[in-house]
Number of protein chains: 2
Amino acid sequence: MGETYGSESLLFLTDEQIRQGIEAMYFAYRGLTSEPDRILGNLAYGRAHHRAIHFINRAPGTTVTNLLEILGVTKQSLNRVLRTLIEDGLVESRVGKIDKRERNLFLTETGTALEARLSDAQRTRMRSAYRDAGPEAVAGFRKVLESMMDTELRRKYASLRETKS
Amino acid sequence: MGETYGSESLLFLTDEQIRQGIEAMYFAYRGLTSEPDRILGNLAYGRAHHRAIHFINRAPGTTVTNLLEILGVTKQSLNRVLRTLIEDGLVESRVGKIDKRERNLFLTETGTALEARLSDAQRTRMRSAYRDAGPEAVAGFRKVLESMMDTELRRKYASLRETKS
DNA sequence: ACATTATGTCAGCCTTGTTGACACTCCAAG
DNA sequence: CTTGGAGTGTCAACAAGGCTGACATAATGT
């Protein structure tokens with residue numbers, strides 16, 4: 001109780017409250033991915049395809065290595081997903097101009113269309129949650145999430161956001 | 001623009017901001033699960049085992065059907081996980097007293113120990129994010145997350161929380 | 001008696017992670 | 001210039017953990 005301001009503001013964090021926060025993350029994350037998963041299921045794709053499409057859309061022309069760092073999977077795993085997306089004409093892979101070892105990835109028109117469909121579903125849910133909770137809650141939400149990320153990952157995330165304002 | 005108060009308070013929600021919120025959820029969720037995943041990997045378990053252990057700890061004596069509803073997987077999938085946990089002596093399955101068709105699930109001492117180890121890792125990260133962000137941010141965080149969950153899922157979540165205050 | 005419910009199990013499939021092996025490209029040191 | 005190492009991407013094979021479908025068993029309720 002009678003402590004400094006700093007530790008007083010920590011006292012509200014009981015184990016139980018923290019636990020509830022963790023569970024809330026779990027359920028909310030599921031809520032956010034359920035609709036895209038449903039759409040993807042009908043197309044014989046999975047969440048991995050969504051992630052690839054999402055980040056290629058976000059940073060057009062990105063390389064495979066770039067994508068690997070952001071997604072945190074092995075290149076073999078990513079490659080399988082990319083291969084099907086390329087075969088199906090959703091993603092285009094161009095040999096790098098400066099360095100021919102690299103592949104620059106782009107969404108095709110079809111790919112962009114699917115991306116829009118998937119992110120619309122998520123944005124609708126997110127937007128409605130934001131609306132329910134109000135602007136101040138949203139600010140807090142973002143603040144906590146950013147603290148929860150890996151420092152390293154946040155760096156990559158930030159560099160991603162630079163490419164498209 | 002010159003609209004009602006209600007729609008003015010929606011204008012801060014640009015597509016780009018929403019998109020960033022979605023990405024933040026993705027990265028934060030990964031941050032939250034990375035450490036438990038690492039621990040589980042060394043024990044030949046996966047995230048599915050963690051989920052089962054978590055919710056059995058949360059609601060000791062819960063039934064298989066209950067767990068199925070909360071986790072949203074098929075009984076075949078859950079059963080595979082439960083079987084290994086029971087074989088390894090982390091979970092105990094007792095025939096129901098009132099309804100002998102049911103199985104009541106409990107963590108053994110070993111199971112409780114692993115649960116503590118896993119949730120300690122998560123709580124540490126969560127607590128530090130909470131501390132960084134401050135009390136008001138945490139309130140907003142919780143508010144947004146709760147809006148993001150499925151209504152149906154929130155009901156189950158609430159009934160779970162009733163069992164342990 | 002009979003239908004329903006709760007659970008468990010077998011078989012087989014898909015997605016998506018993993019490792020290992022390998023090929024191609026680039027660059028720098030000899 | 002060549003050669004060796006580092007970087008990048010691809011192919012093959014395997015494991016975890018989702019899924020569906022079919023079926024067995026036991027307990028319950030009508």
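When reading the values below, keep in mind they use all heavy atoms of this one structure, side chains included, and skip hydrogens, waters and symmetry mates. Here is the naming used below: chain letters follow the sequence lines, and residue numbers restart at 1 for every chain.
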Could you tell me whether the side chain of [X] and the main chain of [Y] form a donor-acceptor pair under 3.5 Å?
X      : Y     : result
A:R123 : B:I18 : no
A:T33  : A:Y29 : yes
A:T108 : A:L90 : yes
B:R30  : A:L71 : yes

Restricting to non-hydrogen atoms, name the atom on B:M149 and the atom on A:A28 that form the minimum distance, rounded to 0.1 Å.
CG-N, 4.0 Å
Would you mind telling me which of B:T63, B:L78, B:T74 makes a side-chain contact (heavy atoms from CB on, under 4.5 Å) with B:L68?
B:L78
For salt bridge (charged side-chain N to carboxylate O under 4.0 Å, His left out), just list the numbers for A:R83 and A:E87, CA-CA rounded to whole Å, side-chain angles, deciding distance to a tenth of an Å, and then say yes or no.
CA-CA 6 Å; A:R83 194 171 23 187; A:E87 279 168 8; 5.1 Å; no
Side-chain N or O of B:H49 closer than 4.0 Å to phosphate OP1/OP2 of D:dG17:
yes
Under 4.0 Å between a side-chain N or O of A:T74 and OP1 or OP2 of C:dT19?
no
Residues from residues 40-48 of chain B lying under 4.0 Å of DNA chain C - heavy atoms
none
Should the pair A:D132-A:R127 be classified as a salt bridge under the 4.0 Å nitrogen-to-oxygen rule?
no
Give a yes or no on whether a salt bridge exists between A:D120 and A:R125, defined as a side-chain N under 4.0 angstrom from a carboxylate O.
no
Send over the distance from A:E69 CD to D:dT8 C1', rounded to a whole Å.
13 Å
Between D:dG7 (P) and A:N66 (CG): distance, integer Å
15 Å
Separation of A:T112 OG1 from A:I53 CD1 (nearest 0.5 Å):
9.5 Å
Which parts of residues 75-85 of chain B get close to DNA chain D, meaning a heavy atom less than 4.0 angstrom away?
B:Q76, B:S77, B:R80
Expected list for residues 86-103 of chain B near DNA chain D, using heavy atoms below 4.0 Å, is B:I98, B:D99, B:K100, B:R101
